[in-house]
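Okay, structure first, notes after.
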Amino acid sequence: MSMSKILPVKGARDFYPEEMAMRGWLYRNIRVVSESFGYQEFEGPFLERLELYAAKSGDELVKQQSFVFEDRGGEMIALRPELTPSLARMVATRSQALPRPIRWWSFGPFWRYERPQKGRSREFFQWNIDILGVDTPQADAELAAVAAVFFRNLGLPSSAVRILVNSRTLAEIQLETIGIPSDLRQQTFRAIDRLDKMDQRKWEAYASEVGLSDDQILALQDVLTDTEAWKQSKQLVSFFEAVEKLGVSDYIEYDPSIIRGLDYYTGIVFEARDADRRHRAILGGGRYDDLVSIVGGDPVPGVGFAMGDVVIGLVLEDAGVSPELRPNPAQILLVAFDEASLLQTLSISSELRASGLRAEWYPQADRIKTQLKYADRQGIPIVLILGPDELANGQVTIKDMRSGDQISLDRSDMIEHIGEIL
RNA sequence: GUGGCCGUAGCUCAACGGCAGAGCGCCUGACUGUGGAUCAGGAGGUUGCGGGUUCGAAACCCGUCGGCCACCCCA
């Protein structure tokens with residue numbers, strides 16, 4: 001424990017090969033689903049001027065929850081806490097040149113200066129995927145479908161995760177109908193956001209503290225339990241129709257209490273939760289039609305979501321579908337018997353690599369037993385043994401660790417044989 | 001940023017004022033050309049760190065760092 005006195009910084013994680021294998025697996029799955037819908041990978045800078053975020057997210061968020069420092073030129077720099085503003089800038093910069101629709105995705109590190117807890121660290125990896133230049137509900141539906149297909153690919157059934165959808169446009173109309181004045185809208189949204197965190201009495205007290213009348217609170221509760229209200233929204237009707245055609249209806253449902261915290265959302269908003277609500281939101285997103293113009297470009301509508309690596313990992317674990325990954329990539333271990341055969345394994349290993357195989361050689365002539373044990377522990381499926389007998393006959397012995405079968409054959413036949421059993 | 005719970009071997013934990021331990025994992029041997037199973041042995045600790053109380057502290061007190069929980073917020 002006190003092996004090293006210098007610990008990782010609070011909320012940062014070491015990625016040993018095992019964890020790195022998991023991250024790589026996530027990244028690969030993200031790539032597969034993103035690309036299957038035609039999205040292109042991009043990346044923004046990890047460092048941004050602080051002002052970029054001030055533009056859109058409240059100053060509280062920026063000042064208290066970002067890693068910020070002053071560079072040597074006196075510039076205030078932030079470690080990026082999110083990608084969407086960078087994306088908006090990149091799109092704004094080439095707004096004229098980029099063919100629409102713009103379908104982009106990204107996976108990279110982000111930082112938030114928050115108190116770490118389960119499912120929340122200060123340094124984390126996030127998948128971002130966005131479609132810009134279209135404002136149709138079908139585009140929103142595609143993003144929800146991307147998320148649903150991703151879950152399905154990972155082995156998370158719709159009984160385990162749900163994508164909950166609402167429309168801010170609809171929510172605003174609902175508040176207006178109830179007679180909640182627009183200056184109470186923000187706070188009312190916040191109260192809605194907290195609905196599932198408080199019991200009813202507490203929530204009512206909170207709502208009344210915010211300035212809502214008893215009648216308004218009652219009416220609001222009606223609205224928030226009306227699971228049919230989406231039918232009043234043309235937007236949502238089209239959205240669910242598209243979701244149906246995309247074949248992911250089972251994952252996606254209307255939830256009038258979904259609001260999302262961010263100020264820049266303008267239309268449909270959604271988040272994914274595990275069915276038992278044991279964890280924070282797995283991903284969250286929505287439509288942001290004004291953001292590109294806020295960062296100084298011609299208006300470009302957009303919709304997208306972001307998913308952190310931490311919560312999805314916990315959810316996969318809970319569902320029992322976390323993959324068993326082998327950090328060691330080698331397909332073949334070359335086992336030597338003595339100094340002479342060890343040298344021979346070097347040239348054989350090169351030969352194997354030249355034919356596209358991943359081969360690792362054991363770097364000292366330990367007992368065969370020890371070397372096989374290493375292969376076993378590392379999960380290397382094939383061992384190539386080279387001892388005096390093999391050397392004398394120009395042969396190699398190839399052992400399949402999974403079946404235990406082994407065969408000695410001429411060196412010229414080894415690659416073909418390996419190809420057969422691999 | 002506020003309040004609370006917790007830090008003992010790589011991991012999960014025991015000892016709770018009086019010799020720092022177990023299981024798992026790791027290494028070695030039984031088995032000098034063959035992994036997994038079994039058995040035997042071994043390595044690995046300034047009890048997160050710093051101070052205080054005490055004859056004596058892993059334990060009690062204070063501080064600090066880290067983890068977790070609630071708040072806050074969730075980009």
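Here is how names work: the chains are called A, B, and so on, in the same order as the sequence lines, proteins then strands, and each is numbered from 1. Note that these values count all heavy atoms, side chains included, but never hydrogens, waters or copies made by symmetry. Predicted model only: the values in this text are computed from it and were never measured.
- Applying the ring-ring contact (aromatic ring centres under 6.0 Å, His included) rule to Tyr362(A) yields the partners Tyr374(A); only residues at least two apart in sequence or on another chain are considered.
- Glu324(A) meets the side chain to side chain donor-acceptor pair (under 3.5 Å) test with no other residue; sequence neighbours excluded.
- Heavy-atom distances under 4.0 Å link RNA chain B to no residue of residues 409-422 of chain A.
- Across residues 10-24 of chain A, Lys10(A), Gly11(A) each have a non-hydrogen atom less than 4.0 Å from an atom of RNA chain B (numbered order).
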Query raised in the report: Which string of ( ) [ ] | and . matches RNA chain B, if you list each base 5' to 3' and count Watson-Crick or G-U pairs only when both distances are under 3.5 Å?
Result: (((((((..((((....[..)))).(((((.......))))).....(((((..]....))))))))))))....
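- Residues forming a ring-ring contact (aromatic ring centres under 6.0 Å, His included) with Tyr113(A) (at least two apart in sequence, or on another chain): Phe67(A).
- With sequence neighbours excluded, the residues satisfying ring-ring contact (aromatic ring centres under 6.0 Å, His included) with Trp127(A) are Phe150(A), Phe305(A).
- Applying the salt bridge (charged side-chain N to carboxylate O under 4.0 Å, His left out) test to Glu253(A) and every residue at least two apart in sequence or in another chain returns Arg162(A).
- For C72(B), neither phosphate oxygen OP1 nor OP2 lies less than 4.0 angstrom from any side-chain nitrogen or oxygen of Arg190(A).
- Every residue two or more places apart in sequence or in another chain was checked for a side chain to side chain donor-acceptor pair (under 3.5 Å) with Arg112(A), and none qualifies.
- Partners of Phe240(A) by ring-ring contact (aromatic ring centres under 6.0 Å, His included), not counting sequence neighbours, listed by chain and number: Trp230(A).
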Query raised in the report: What does nucleotides 28-40 of chain B look like as a protein-contact string, B for base, S for sugar-phosphate only, - for none, at under 4.0 angstrom between heavy atoms?
Result: -SSB-BBBB----
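- With respect to Arg120(A) and Glu114(A), a salt bridge is recorded, a charged nitrogen being found less than 4.0 Å from a carboxylate O.
- Within residues 106-134 of chain A, the residues approaching RNA chain B are Arg112(A), Glu114(A), Arg115(A), Pro116(A), Gln117(A), Lys118(A), Arg120(A), by heavy-atom distance under 4.0 Å.
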**Report entry** CA sep, side-chain torsions, deciding dist, call: Lys399(A), Asp405(A), salt bridge (Lys or Arg N to Asp or Glu O under 4.0 Å)
**Finding:** CA-CA 6 Å; Lys399(A) 173 164 183 155; Asp405(A) 298 342; over 6 Å; no
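- If you take atom C1' in C72(B) and the same atom in C61(B), they sit 31 Å apart, rounded to whole Å.
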